[in-house]
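Okay, structure first, notes after.
Throughout, protein chains are lettered first and strands after them, A, B, ... in sequence-line order, and every chain is numbered starting at 1. When reading the values below, keep in mind they use all heavy atoms of this one structure, side chains included, and skip hydrogens, waters and symmetry mates.
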Amino acid sequence: MSLFAINKVKKTFSNGELKEEILKGVDLTLREGEITALVGASGSGKSTLLTIAAGLQSASDGEVLFEGKNISAMNQEKIREIRAKEFGFIFQFAHLVPFLTVEEQLMLMLDVSETKLKKEQQKREVENILQLVGMEHRKQAYPSSLSGGEKQRVAIARAIIHKPKVLFADEPTASLDSKRSKDVMALIRDITKNLNITTLIVTHDEEMLSYADHIIKMSDGVIMQD
Amino acid sequence: MNLAFKEIKKNKVRFLILGSIVFLVSLLTFIISGLANGLSQDNASLIKDLPEGQFYMNPEAEETYNLSRIDSGIQEKLINDYQGATALSIQMGFLNDQNDKQQSVVFVTSTESEIFSNVKEGEILLDRSMEEKGIKVGDRLTNPQFSGEFIVKGFVDQTKFSHAAVAFINMENYKEIYRVNDMQLVFIPKENAPEEITGLQSFSKQEFLKTIPSYKAEQMTLNMIVWFLVVISGMLFAIFFYMMNVQKIGLYGILKAIGLKTSRLFTMMWTQMIVITITSLALSIAISQGFNIIAPEGMPFSLTFNTTLILSGVFLVIGFIGTTIASLQIRKIEPLQAIQQGEI
Ligand SMILES: Nc1ncnc2c1ncn2[C@@H]1O[C@H](COP(=O)(O)OP(=O)(O)OP(=O)(O)O)[C@@H](O)[C@H]1O
Ligand SMILES: [Mg+2]
């Protein structure tokens with residue numbers, strides 16, 4: 001049994017009368033502890049696939065299997081629980097909570113994922129992860145006072161602090177310049193290797209592919225080749 | 001981690017603005033209803049401040065108290081049979097003060113009673129508002145229909161009828177002024193009041209108030225003003241709380257995406273709403289009660305603590321409804337929608 005797999009997933013959006021099939025039966029198995037990069041033309045359905053995989057929207061048909069269980073058949077509360085405890089996400093924008101300091105963002109994530117740690121241990125955990133992403137000096141800062149790259153590093157910290165089994169990232173470097181992009185990718189690679197996190201990452205950027213173990217290409221709602 | 005307070009702390013200005021709207025609107029409602037209630041007191045405090053009980057008048061009067069005549073035999077019997085029963089009459093009139101200035105008053109007289117003030121012949125008790133018109137204890141007042149003089153014995157608080165000051169006089173003097181022998185009404189306190197008395201029409205206090213033509217019309221207008229205000233300000237609250245939360249859909253989406261329980265989001269919204277509303281209401285209750293005390297003499301303003309609490313309760317419920325409607329929408333949103341909205 002693989003940790004994470006997608007079976008014949010279809011997604012149809014209806015635009016009034018018009019029905020458009022964006023995903024036309026996608027099969028995909030993630031290799032445990034590795035980074036899988038998903039590439040393809042704009043509009044080919046990458047983000048749609050990623051968000052379905054991450055339980056952020058439902059599939060029209062097919063299965064999303066996490067540890068052998070079909071999450072697309074679960075109720076909202078079950079899916080939420082898996083999202084909170086087992087998954088991490090990074091998006092193009094950091095999407096930090098504007099009224100929480102960097103430290104509080106991470107404490108909240110530990111809280112939400114119900115990590116059974118004492119307050120002291122939580123603080124230490126936050127400290128460690130901030131060190132890892134090089135943001136420990138901005139612990140007390142609010143998102144509005146951080147640069148784009150800094151926000152993204154905090155978002156990465158938030159995505160992994162609860163030690164998820166699977167990490168989903170949708171163009172995590174799109175809002176960054178090329179130097180920062182490389183830093184962030186290297187960071188994602190190092191962290192996921194260290195913590196043995198299985199990662200699915202969508203990217204447009206050819207340069208970023210060198211950080212992936214494995215590349216799959218999508219075109220027009222189907223996977224082209226491994 | 002208490003998200004509700006963290007957000008309030010970070011966005012003080014935004015919550016302060018919302019709070020001041022709640023504060024101003026509720027203060028407006030309190031003050032207006034205080035004024036409306038004051039006017040209504042001014043119109044009928046003589047009756048409104050009585051204990052609960054039944055009024056009886058002659059059915060031939062067709063619900064017009066000053067056309068009613070209670071036969072003296074019946075009156076005698078009622079006073080003997082029912083404890084606390086009082087016969088009374090109310091009639092508009094005027095008094096001339098020592099400078100021969102005419103003052104409108106309402107003459108009230110009654111049989112011996114614990115509820116109404118009784119005076120000896122030639123004496124008079126006046127509503128406190130007459131004091132402001134320069135009348136003092138010991139003054140001698142006259143009336144063209146009255147052969148003698150009234151000596152002012154003192155003043156009583158909050159006793160008005162039809163916006164005029166009440167003047168309690170002795171029954172003999174009353175009979176002389178109005179050339180009548182019978183009283184208009186009999187009042188019996190609730191605990192002793194019989195359901196029916198044959199030959200008489202019975203009115204509860206509220207029903208009796210409604211038979212006073214000026215009171216009924218005015219009361220309708222005042223009630224209308226207050227309820228419109230309550231409804232509109234209530235809607236304003238609901239809309240404000242709704243808007244505040246709908247604006248934050250992006251934020252709630254992110255919190256949902258990272259796995260916050262919906263119930264926790266609801267708690268956050270409710271907590272914020274309750275904190276803002278209660279603080280603002282407390283402030284406006286304090287100020288309106290203060291106004292109650294400092295309101296200029298002669299300005300009819302009457303706002304009981306009870307009324308304020310009831311109105312506050314209404315506002316709290318409405319704010320809660322507004323927040324809940326918003327939260328039902330937020331429950332429906334997919335976290336994805338928020339993420340696709342771009343950077344917040
Ligand atoms: N909620 C939606 N309703 C209707 N159509 C949608 C919705 N979400 C996505 N689509 C459509 O699905 C198609 C694939 O979108 P998706 O975002 O998955 O593409 P993508 O491969 O991520 O593209 P990009 O590289 O530009 O991010 C697009 O044509 C888009 O318009
Ligand atoms: Mg995309």
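- Applying the 6.0 Å contact sphere to CZ of B:R14 captures more than 12 heavy atoms from other residues, nucleotides or ligands.
- The most heavy-atom pairs under 4.5 Å with chain A, out of B:K10, B:K256, B:R264, come from B:K10.
- Contact annotation for A:L56: both backbone and side-chain heavy atoms come within less than 4.5 Å of a heavy atom of chain B.
- For A:E86, no part lies under 4.5 angstrom from a heavy atom of chain B.
- Chosen from A:R158, A:Q92, A:E77, A:E81, the residue pairing most often with chain B at heavy-atom distances under 4.5 Å is A:R158.
- Using bins of under 30°, 30° to 60° and over 60° for the plane-to-plane angle, the ring pair B:F30/B:F315 lands in the tilted bin.
- Summarising the local packing, CD of A:E67 is surrounded by more than 12 heavy atoms from other residues, nucleotides or ligands at distances under 6.0 Å.
- A donor-acceptor contact shorter than 3.5 Å links the side chain of B:N245 to the backbone of B:F241.
- Contacts between A:M107 and chain B at a heavy-atom distance below 4.5 Å involve backbone atoms as well as side-chain atoms.
- Although no hydrogens or angles enter the test, the distance criterion places no donor-acceptor pair under 3.5 Å between the side chain of A:S14 and the main chain of A:G16.
- For chain B, the nearby part of A:S144 is the side chain; its heavy atoms alone come within less than 4.5 Å.
- Ranked by heavy-atom pairs under 4.5 Å with chain B, the list A:F87, A:F91, A:Y142 is led by A:Y142.
- Using bins of under 30°, 30° to 60° and over 60° for the plane-to-plane angle, the ring pair A:F4/A:F66 lands in the tilted bin.
- The neighbour count for B:F305 CZ, taken as heavy atoms of other residues, nucleotides or ligands under 6.0 Å away, does not exceed 12.
- For chain A, the nearby parts of B:L3 are the backbone and the side chain; heavy atoms of each come within less than 4.5 Å.
- Using a 4.5 Å cut-off between heavy atoms, B:K9 does not touch chain A at all.
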